[in-house]
Amino acid sequence: MIHRPVLLVIAHGSRDPRHAATVHALVRRVRAMRPELRVETGFLDFTVPSVRGVLDSLAAEGVRDVVALPLLLTRAFHAKADIPSVLRQAPARLRVRQADVLGPSPLLTAALERRLREAGLSAADKPSTGVVLASAGSSDPEAMAVIARVAREWRRTGWRAVRPAFASASPPRTEDAVRELRELGCARVAVAPYVLAPGFLPDRIARGAAGADVLAEVLGPAPEVARVLLERYDAARLPGVTAVGA
């Protein structure tokens, strides 16, 4: 039998029940894509089971190897501090490796395109459409730079313009980016939430999109997102990836 580490998907958690429902839908898609892989879910806050609780349960079962995958799009505070801190408290018998965050990835850009198509846009609309790449936002300059780079690279696929916007921490807000694209002369403006699940900040993005023509859904359980999870899991299993706390 081939030994495969358990994949532990780590989500932030939210008081909004839509958040956990979307995370679980994404995990179900991952399981369907790779049925032989055991996939568990833990939450940092607000929602059960907690990450620590899942790790304790796995250790009690006799599991030895875990790949912990942050369900995050950028390497900000949670990926750099919160999650490593929690993983260092795992039972000593567990060998835990932390996978990289999901973004950036061409697959995530493909998921954004999918959501815009589902919202009614087609390839023929690209040259006349401006897109707001609306993310949650962060005070981490590395994370902010990644979002700006994703917007620049996405623009090269044919959209009239792509502008980043943020629901927290730093400007511009979604509504400001919508206004800028209107002033640029875009025939239509679309807002593409670069977020994984519904919640407080995605709702703020939606309110800011009131002046846009199109508002796409969050990335959620898009098949491209599930593929990124599996790519990150596979990469974390490669030789040379150090276990957390080792």
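- By the 6.0 Å contact criterion, CZ on Arg93 is enclosed, its count of non-hydrogen atoms from other residues, nucleotides or ligands being greater than 12.
- The pair Glu40-Arg38 counts as a salt bridge, with a side-chain nitrogen and a carboxylate oxygen less than 4.0 angstrom apart.
- Arg207 and Asp203 are not joined by a salt bridge, as no carboxylate oxygen comes within less than 4.0 angstrom of a charged side-chain nitrogen.
- A salt bridge is absent between Arg237 and Asp65; no separation between the charged side-chain nitrogens and carboxylate oxygens falls under 4.0 Å.
- Checking side-chain atoms of Ser14 against main-chain N and O of Gly199 turns up no donor-acceptor pair under 3.5 Å.
- Of the charged side-chain nitrogens involved, none lies within less than 4.0 Å of a carboxylate oxygen, so that Glu217 and Arg114 do not count as a salt-bridged pair.
- Between Pro5 and Tyr233, the closest side-chain pair of non-hydrogen atoms falls below 4.5 Å.
- With sequence neighbours left out, the side-chain hydrogen bond (donor to acceptor under 3.5 Å, both in side chains) criterion links Arg34 to Asp234.
- Residues Val51 and Val66 fall within the same hydrophobic cluster, defined by Ile, Leu, Val, Met, Phe, Trp and Tyr side chains chained together at heavy-atom separations under 4.5 Å.
- Proximity of Gln98 to Pro84: side-chain heavy atoms (C-beta onward) are separated by under 4.5 Å at one or more points.
- In the hydrophobic cluster analysis, where Ile, Leu, Val, Met, Phe, Trp and Tyr join through side-chain heavy atoms closer than 4.5 angstrom, Phe200 is grouped apart from Phe166.
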Derivation of the side chain to side chain contact (heavy atoms under 4.5 Å, CB included) call for Leu44 and Val86: CA-CA 9 Å; Leu44 289 174; Val86 172; 4.2 Å; yes

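- Formation of a donor-acceptor pair under 3.5 Å by the Ser128 side chain with backbone atoms of Asp125 is found in this model.
- Here the CG atom belonging to Leu184 is positioned 14.5 Å from the CZ atom belonging to Arg179, to the nearest 0.5 angstrom.
- With hydrophobic clusters built from ILVMFWY side chains whose heavy atoms lie under 4.5 angstrom apart, Leu26 shares a cluster with Val39.
- Placement of Leu72 and Val30 in two distinct hydrophobic clusters is found when ILVMFWY residues are connected by side-chain heavy-atom separations under 4.5 Å, directly or transitively.
- In terms of heavy-atom proximity, Pro91 sits nearest to Asp56 at CG-OD1, 3.3 Å.
- In summary, the side chains of Asp82 and Ser85 do not present any donor paired with an acceptor at a separation below 3.5 Å, with no hydrogens or angles considered.
- Remark: side-chain polar atoms of Lys126 are paired, donor with acceptor, to backbone N or O of Thr157 under 3.5 angstrom.
- Taken to the nearest 0.5 Å, the OG atom of Ser139 stands 9.0 Å off from the CE atom of Met144.
- Separation of atoms OG (Ser105) and CZ (Arg227) is listed at 8.5 Å; rounding is to 0.5 Å.
- In this structure the side chain of Trp154 reaches within 4.5 angstrom of the side chain of Glu113, judged on heavy atoms.
- With rounding to the nearest 0.5 angstrom, the OG1 atom of Thr41 is 9.5 Å from the CZ atom of Arg28.
- With His19 contributing its side chain and Gly13 its backbone, the two residues share a donor-acceptor pair below 3.5 Å.
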Test Leu121 against Arg188 for side chain to side chain contact (heavy atoms under 4.5 Å, CB included), laying out the working first. CA-CA 10 Å; Leu121 294 180; Arg188 65 180 59 78; 3.5 Å; yes

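- Heavy atoms only, all atoms of each residue included: Pro198 and Thr22 are closest at CD-OG1, 3.2 Å.
- Residues Arg15 and Asp45 are not paired through a salt bridge, judged by the lack of any N-O separation under 4.0 Å between the basic side chain and the carboxylate.
- Between Asp176 and Arg173 there is no salt bridge, since no side-chain N of the basic residue sits under 4.0 Å from a carboxylate O of the acidic one.
- More than 12 heavy atoms of other residues, nucleotides or ligands lie within 6.0 Å of CZ in Arg29, so this atom counts as buried by the packing criterion.
- Side-chain N or O atoms of Arg232 include one that pairs as donor or acceptor with a backbone N or O of Val101 at under 3.5 Å.
- Closest non-hydrogen pair, Ala209 versus Val191, comes out as CB-CG2, 3.6 Å.
- Proximity of Arg160 to Cys186: side-chain heavy atoms (C-beta onward) are separated by under 4.5 Å at one or more points.
- Using a 4.0 Å cut-off between charged side-chain N and carboxylate O, Arg182 and Asp213 make a salt bridge.
- Of all heavy-atom pairs between Leu55 and Ala90, the closest is CD1-CB, 3.8 Å.
- Leu73 has its side chain within reach of Leu196: a pair of non-hydrogen atoms, C-beta onward, lies under 4.5 Å apart.
- When all heavy atoms of Ala151 and Pro164 are compared, the pair lying nearest together is CB-CD, 3.9 Å.
- By the 30° and 60° cut-offs, the orientation of the rings of His24 relative to Phe43 is perpendicular.
- In this structure, Leu69 and Leu8 have side chains that are not in contact, with every pair of non-hydrogen atoms separated by 4.5 Å or more.
- One hydrophobic cluster, built from ILVMFWY side chains closer than 4.5 Å, holds both Leu37 and Val27.
- To the nearest 0.5 Å, atom CZ of residue Arg117 and atom OG of residue Ser122 are 10.5 Å apart.
- Of all heavy-atom pairs between Ala165 and Val132, the closest is CB-CG1, 3.6 Å.
- Checking each of Leu219, Val162, Leu107, Val131 against Leu112 for a side-chain contact (heavy atoms from CB on, under 4.5 Å) leaves exactly one that passes, namely Leu219.
- For the pair Met33/Pro223, a side-chain contact is recorded, criterion being any heavy-atom separation below 4.5 Å from C-beta on.
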Report the C-alpha separation of Leu116 and Trp159 in whole Å, then their side-chain angles, then the decisive distance to 0.1 Å, and conclude whether the side chain to side chain contact (heavy atoms under 4.5 Å, CB included) test is met. CA-CA 12 Å; Leu116 287 173; Trp159 296 102; 3.7 Å; yes

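- In this structure, CD1 in Ile205 is found 9.0 Å from CG in Leu215, a value given to the nearest 0.5 Å.
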Tell me, with the steps shown, if Ile10 and Leu87 meet side chain to side chain contact (heavy atoms under 4.5 Å, CB included). CA-CA 10 Å; Ile10 300 179; Leu87 296 181; 4.0 Å; yes

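- For the pair Thr174 (side chain) and Ala134 (backbone), a donor-acceptor distance under 3.5 Å is absent.
- Contact of the Arg75 side chain with the Glu142 side chain is registered, since non-hydrogen atoms from C-beta on lie closer than 4.5 Å.
- Ion pairing between a basic and an acidic side chain is recognised when a charged N comes within 4.0 Å of a carboxylate O; Glu118 and Arg115 show such pairing.
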